[in-house]
Number of protein chains: 2
Amino acid sequence: MPATEQNLIIRKLESIFRLSDEERAALQALPMQVQAIRADQDIVREGDRPTRCFALLEGFTATYKMTGDGKRQIHSWHVPGDIPDLQSLHLRVLDFSISTLTPCRVGFIQHEPLRELCRKQPRIMEAFWRQTLVDAAIFREWITNVGRRDAYNRMAHILCEWVLRLRAVGLVEDHTCDLPMTQTELADATGISTVHVNRVLQELRGNGLIVLRGNRLKVLDWDQLRQVGDFDPTYLHFGEDREVA
Amino acid sequence: MPATEQNLIIRKLESIFRLSDEERAALQALPMQVQAIRADQDIVREGDRPTRCFALLEGFTATYKMTGDGKRQIHSWHVPGDIPDLQSLHLRVLDFSISTLTPCRVGFIQHEPLRELCRKQPRIMEAFWRQTLVDAAIFREWITNVGRRDAYNRMAHILCEWVLRLRAVGLVEDHTCDLPMTQTELADATGISTVHVNRVLQELRGNGLIVLRGNRLKVLDWDQLRQVGDFDPTYLHFGEDREVA
DNA sequence: CGTTTGGTTGAAATGTGTCAAACTTTGTGG
DNA sequence: CCACAAAGTTTGACACATTTCAACCAAACG
């Protein structure tokens with residue numbers, strides 16, 4: 001397999017579907033315009049009517065919405081390999097924005113070749129559909145998290161998810177990974193205030209569940225973090241399909 | 001068009017896509033097992049591995065999840081015409097439960113004929129995909145609602161959505177519609193306590209925005225309700241496609 | 001090396017939860 | 001059709017998790 005930017009997407013899809021040579025080749029042939037983007041930049045914005053999607057190749061992004069009185073809510077994070085605005089293939093108007101959390105490299109893919117690909121390779125289309133369904137499952141879990149867990153448990157939950165998602169793309173080593181978001185961004189994701197995020201993180205540290213220094217997170221006690229976060233990874237639907245015929 | 005149970009689904013899809021005669025016929029031919037279900041019954045449950053979906057024909061349902069300590073969070077409501085667990089076509093394990101809010105009539109459809117239909121009628125598949133994307137958009141809005149709006153605004157928002165979704169299927173007359181959920185269920189949807197739901201509803205009534213009697217809701221001042229709820233219906237993606245070629 | 005950004009701390013204010021009781025409506029069986 | 005039970009709603013008092021405000025500190029950065 002040639003070392004192209006498309007490989008990341010292929011690897012991600014292959015964790016879901018067994019791809020044929022033909023399907024792999026079709027993905028390799030996807031025209032993609034790679035671009036570097038600084039941290040804290042919007043890639044797409046609420047109200048846009050995009051004619052292309054993007055694949056996240058390097059770095060981290062988040063979807064968010066602003067309320068009328070200027071509060072921000074983050075709905076999810078993205079890790080390399082994700083195609084965060086895939087839905088724009090079928091919903092013309094974007095109802096959310098996507099911003100970089102860190103400097104990123106992204107690959108833009110025009111809708112047209114993507115539609116063409118879906119038409120010719122129905123299994124790839126299925127894989128894409130499935131991706132958007134997993135996104136939805138994560139949204140449901142976040143509603144639950146924000147609606148029904150207190151700040152301490154909520155933060156533990158979101159950290160559990162983060163670690164598992166990074167592990168799935170090989171970015172966790174020795175229980176340690178990047179945690180690139182600021183406490184303000186964690187606040188916007190959990191629906192609590194920045195000040196309280198700080199207190200809750202200290203409590204998690206004080207209780208010996210995690211170590212947090214700079215932008216690195218180390219999980220000291222996974223079992224307890226998981227328990228505090230009331231975390232059941234089913235909703236991430238990892239490797240579910242390997243069992244499928 | 002013969003008066004079948006499938007018509008409701010077809011009508012719903014046609015509000016999204018212009019269907020050909022062939023496509024309509026294919027939908028009509030979908031084998032469907034109709035069943036009546038009492039109120040407050042689970043139709044599917046977290047952890048299930050369904051081999052069929054169901055279309056809601058009459059009544060109202062909701063998806064929900066329980067947390068470890070027994071709290072419930074509702075993620076969305078369903079109105080007649082919806083196929084609430086369509087995602088089980090591509091995600092084997094259900095990560096949520098669906099319960100009836102009222103007595104319902106539902107039509108079960110086996111996965112196999114549904115997959116067959118998607119294979120043969122790619123436009124219908126697209127319509128289905130699109131449905132699941134709108135669901136996801138609603139989830140995002142609910143995260144925002146629960147995470148970043150206070151109880152009063154949150155309740156106003158959820159009522160706005162309810163009214164618009166019912167209006168879309170012709171169930172609103174004279175600004176009045178059913179509101180079949182109990183205050184406990186409203187609490188589970190908004191992430192606040194039952195007692196506080198009651199207080200907030202009274203505030204909305206006291207301010208002349210709504211009338212609430214029995215299970216009937218009347219909106220007295222839509223503009224203000226909308227404003228209080230910080231409600232922008234874009235995320236429901238109504239009639240967006242009529243513009244599409 | 002000064003400036004900016006992000007993290008930390010404490011005190012006071014407040015929105016929402018909890019508890020417990022009363023009231024009202026709905027449904028049901030005698 | 002009444003009487004009773006069950007389910008849902010309403011109320012008040014109090015507790016408390018979280019927010020807000022304001023200041024300070026530490027790290028990163030040009």
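Quick caveat: nothing in here was measured; it's all calculated off a predicted structure. Each chain gets a letter, A, B and so on, in the order its sequence line appears, and its residues count up from 1.
- Of the side-chain N and O atoms in Q183(A), one or more sit less than 4.0 angstrom from OP1 or OP2 of dT8(C).
- A straight line from CG of L201(A) to P of dA26(D) spans 19 Å, rounded to a whole angstrom.
- Between Y235(B) and H157(B), the ring-plane angle classifies as parallel under the 30° and 60° cut-offs.
- Comparing V195(A) and V200(B) against DNA chain C, the residue whose closest nucleotide sits nearer the 5' end is V195(A).
- R149(B) comes within 4.0 angstrom of nothing in the nucleic acid, heavy atoms only.
- Rounded to whole Å, the distance from CG on D188(A) to C1' on dG6(C) is 14 Å.
- A donor-acceptor contact under 3.5 angstrom links the side-chain atoms of R199(B) to the base of dT18(C).
- Residue D150(A) is classed as a sugar-phosphate contact, given heavy-atom separations below 4.0 Å to backbone atoms only.
- One can place CG of N215(A) at 12 Å from C1' of dT5(C), the figure rounded to the nearest angstrom.
- Within the 4.5 Å cutoff, no side-chain heavy atoms of M155(A) are placed close to those of E203(A).
- Checked by atom type, the side-chain pair D135(B)/Q131(B) shows no donor-acceptor distance below 3.5 Å.
- With rounding to whole Å, R216(A) atom CZ is found 16 Å from dG7(C) atom P.
- For dT8(C), one of the phosphate oxygens OP1 or OP2 lies less than 4.0 angstrom from a side-chain nitrogen or oxygen of N198(A).
- Residue R205(A) is in sugar-phosphate contact alone, with no base atom involved, counting any heavy-atom pair closer than 4.0 Å across all strands shown.
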**Prompt:** Does the pair K65(A) and R148(B) meet the rule for a side chain to side chain contact (heavy atoms under 4.5 Å, CB included), with working shown?
**Reply:** CA-CA 10 Å; K65(A) 256 179 170 169; R148(B) 286 304 188 208; over 6 Å; no
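- At whole-Å resolution of the value, CG in D69(A) and C1' in dT19(D) are 14 Å apart.
- The distance between atom CD of E203(B) and atom P of dT10(D), rounded to the nearest whole Å, is 14 Å.
- Contact check, Q202(B) against dT9(D): no side-chain N or O comes under 4.0 Å of OP1 or OP2.
- Under 3.5 Å, the side chains of D223(A) and Q227(A) contain no donor-acceptor pair of N or O atoms.
- Rounding to whole angstrom units, CZ of residue R148(B) and P of dG15(C) are separated by 16 Å.
- Distance, D40(B) CG to dT26(C) C1': 14 Å, rounded to whole Å.
- Residue contacts shown for S193(A) include a base, since a base heavy atom lies under 4.0 Å away.
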